[in-house]
Amino acid sequence: ISDNWPGYSLDLFTYPQHYYGDLEYVLIPHGIIVDRTERLAKDIMQDIGDNDIVVLCVLKGGYKFCADLVEHIKNLSRNSERFISMKVDFVRLKSYHNDQSMQDMQIMGGDDLSKLTGKVSFLCFLLTLFFMFCKDIVGTGRTMKVLLNNIEKYKPKMIKVASLLVKRTSRPDGYRPDYYGFEIPDLFVVGYALDYNEHFRDLNHICVINDHGKAKYRV
């Protein structure tokens with residue numbers, strides 16, 4: 001999605017009335033998200049071979065993408081000659097205050113991963129991750145470095161990262177996931193489980209929040 005993309009007018013879509021006046025425009029409609037996620041599932045199915053998958057969903061922003069991606073993989077598996085076994089676990093990353101990234105990141109949950117010691121050598125980890133975009137997170141890869149370092153101690157056979165969104169950055173050391181849906185400009189986006197202080201998760205489309213919305217829900 002180019003930097004000069006004007007987006008879609010809000011008048012073309014339905015969305016929760018309590019967000020009227022809080023959004024600039026729709027960046028990615030829900031239908032396009034669904035179609036793109038289905039294609040990501042197909043690409044993943046082609047790449048993982050006969051490996052079973054442990055899906056690590058990064059909460060809270062990743063839950064809708066995770067659920068949709070897993071459902072598409074299940075559907076493709078049912079209609080293919082090979083069955084893909086999947087287990088799901090959850091972790092939560094907290095790294096934002098309002099629309100600004102915090103220096104210290106908290107990782108919560110995922111306690112059951114310790115039970116995989118000795119078994120993960122034949123499992124493929126597929127991390128479903130939404131980046132809550134702020135330039136320094138994507139530019140330095142700080143979020144993924146912390147999370148991946150935490151996962152690698154369990155010695156998985158393979159680690160793959162899937163992200164619905166990647167924010168475009170001019171820095172050459174920016175982290176790139178193995179699978180991603182859309183590359184977007186340097187914008188703070190909400191919807192499809194992406195939030196601003198726990199608001200907008202119930203918005204199906206991915207939208208750009210305006211200054212009024214930021215002030216209204218600031219903490």
Looking at [atom1] of [X] and [atom2] of [Y], how far apart are the two atoms once the value is rounded to the nearest 0.5 Å?
X      : Y      : atom1 : atom2 : result
Phe188 : Lys167 : CZ    : NZ    : 8.0 Å
Leu69  : Ser163 : CG    : OG    : 11.0 Å
Asn197 : Asp195 : CG    : CG    : 7.0 Å
Lys42  : Asn75  : NZ    : CG    : 14.0 Å

Check: Do the two ring centres, one from Tyr63 and one from Phe90, sit under 6.0 Å apart?
Finding: no
Taking the side chain as everything from C-beta on, heavy atoms only, tell me whether [X] gets closer than 4.5 Å to [Y].
X      : Y      : answer
Phe13  : Leu203 : no
Val55  : Asp89  : no
Tyr179 : Ile44  : yes
Val70  : Met86  : yes

Check: Do any N or O atoms from the side chain of Tyr196 and from the backbone of Lys214 form a donor-acceptor pair under 3.5 angstrom?
Finding: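 Present.
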Notebook entry, point to check: So, are Arg39 and Asp35 salt-bridged, with charged N and O less than 4.0 Å apart?
Noted result: no
Notebook entry, point to check: Is the closest basic N to carboxylate O distance between Asp186 and Arg168 below 4.0 Å?
Noted result: no
Under 3.5 Å, which donor-acceptor pairs link side chains of residues 204-212 to any protein atom two or more places apart or in another chain?
{"from": "Asn204", "atom 1": "OD1", "to": "Lys64", "atom 2": "NZ", "distance (Å)": "3.0"}
{"from": "His205", "atom 1": "ND1", "to": "His30", "atom 2": "N", "distance (Å)": "3.0"}
{"from": "His205", "atom 1": "NE2", "to": "Thr14", "atom 2": "O", "distance (Å)": "3.4"}
{"from": "Asn210", "atom 1": "OD1", "to": "His212", "atom 2": "N", "distance (Å)": "3.2"}
{"from": "Asn210", "atom 1": "OD1", "to": "Gly213", "atom 2": "N", "distance (Å)": "2.7"}
{"from": "Asn210", "atom 1": "ND2", "to": "Gly21", "atom 2": "O", "distance (Å)": "3.0"}
{"from": "Asn210", "atom 1": "ND2", "to": "Leu23", "atom 2": "O", "distance (Å)": "3.4"}
{"from": "His212", "atom 1": "ND1", "to": "Gly21", "atom 2": "O", "distance (Å)": "3.3"}
{"from": "His212", "atom 1": "ND1", "to": "Asp22", "atom 2": "OD1", "distance (Å)": "3.0"}

Heavy-atom pair with the smallest gap, counting every atom of [X] and [Y]:
X      : Y      : answer
Ile73  : Met45  : CG2-SD, 3.9 Å
Pro185 : Ser2   : CG-O, 3.4 Å
Lys160 : Asp178 : CA-OD2, 3.3 Å
Leu76  : Ala41  : CD1-C, 3.7 Å
Phe182 : Arg36  : CZ-CB, 3.5 Å
Pro29  : Val26  : N-CG1, 3.8 Å

Check: Side chains of Tyr25 and Asp11: do they bring a donor and an acceptor to under 3.5 Å?
Finding: no
Next item on the list: May I have the step-by-step check of side chain to side chain contact (heavy atoms under 4.5 Å, CB included) for Leu27 and Trp5, ending in yes or no?
Entry: CA-CA 8 Å; Leu27 183 67; Trp5 167 242; 3.7 Å; yes
Checklist line | Joint hydrophobic cluster, Ile28 plus Val34, side-chain heavy atoms closer than 4.5 Å | finding: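 Different clusters.
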Notebook entry, point to check: Please walk me through it: do His199 and Tyr19 pass side chain to side chain contact (heavy atoms under 4.5 Å, CB included)?
Noted result: CA-CA 9 Å; His199 297 277; Tyr19 295 138; 4.2 Å; yes
Next item on the list: Mind running side chain to side chain contact (heavy atoms under 4.5 Å, CB included) on Tyr192 and Asp68 for me, showing each step along the way?
Entry: CA-CA 11 Å; Tyr192 196 67; Asp68 288 349; 2.5 Å; yes
Next item on the list: Determine, stepwise, if the pair Val166 / Ile184 fulfils side chain to side chain contact (heavy atoms under 4.5 Å, CB included).
Entry: CA-CA 6 Å; Val166 172; Ile184 67 171; over 6 Å; no
Checklist line | Plane angle bin for Tyr20 and Tyr15 - parallel if under 30°, tilted between 30 and 60°, otherwise perpendicular | finding: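 Taking Tyr20 first and then Tyr15, their aromatic rings sit tilted (interplane angle of 30° to 60°).
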